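Here is the structure we will look at, set down as structure tokens.
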Amino acid sequence: MASIEEVKVNIAASVAGADRAIAGIQMVADQLDQSLALLRLTSIGSFHPSTAAAIAHLEQARTRLDEATQLTRAAMDSANQFRGMI
């Protein structure tokens, strides 16, 4: 069985990894924002269903990235609370 200090170190490493994942998610989100802006600008005046679908899918992807970030932060908070208790 791992010692309390080993558990704390492992939790800290897990939180650090999650923090790096959030940074990666943010980079992806920024790229999606740029893609959305360009697609919207390009499709001004066009009401083609394919364009509307593309925008809707990108918006949904962006929303899910925000959800992933929120869930990851919540997990990090919970892990840090546990680490503080032990």
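None of the values given here were measured: they were computed from a predicted structure. Residue indices begin at 1 and follow the sequence shown.
- In this structure, Ile4 places its CD1 atom where only 12 or fewer heavy-atom neighbours from other residues, nucleotides or ligands lie under 6.0 Å away.
- Criterion: ILVMFWY side-chain heavy atoms under 4.5 Å apart, direct or through other members. Under it, Val15 and Phe82 are part of a common hydrophobic cluster.
- The nearest pair of heavy atoms linking Val7 to Ala2 is CG2-CB, 4.1 Å.
- Distance check, rounded to the nearest 0.5 Å: CD1 of Ile22 to CD of Gln70 gives 10.5 Å.
- Here the side chains of Asp30 and Met27 are not in contact, with every heavy-atom distance at 4.5 Å or above.
- Apart from Ile55 itself, the hydrophobic cluster it occupies contains Ile25, Val28, Leu32, Leu36, Leu39, Leu58, Leu65, where clustering links Ile, Leu, Val, Met, Phe, Trp and Tyr at side-chain heavy-atom distances under 4.5 Å.
- Considering OG of Ser35 and CZ of Arg62, their distance stands at 11.5 Å, rounded to 0.5 Å.
- Look at Asp77 and Arg73 and you find no salt bridge, because none of the NZ, NE, NH1 or NH2 atoms lies under 4.0 Å from a carboxylate O.
- Listed by first and then second residue, the salt bridge (charged side-chain N to carboxylate O under 4.0 Å, His left out) pairs that reach into residues 4-13 come to none, sequence neighbours excluded.
- Among pairs with a residue in residues 51-60, those fulfilling salt bridge (charged side-chain N to carboxylate O under 4.0 Å, His left out) read Arg40-Glu59, at least two apart in sequence or across chains.
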- Message: The test is side chain to side chain contact (heavy atoms under 4.5 Å, CB included); show your working for Gln26 and Thr69 and say whether it passes.
- Response: CA-CA 8 Å; Gln26 187 58 52; Thr69 298; 5.6 Å; no
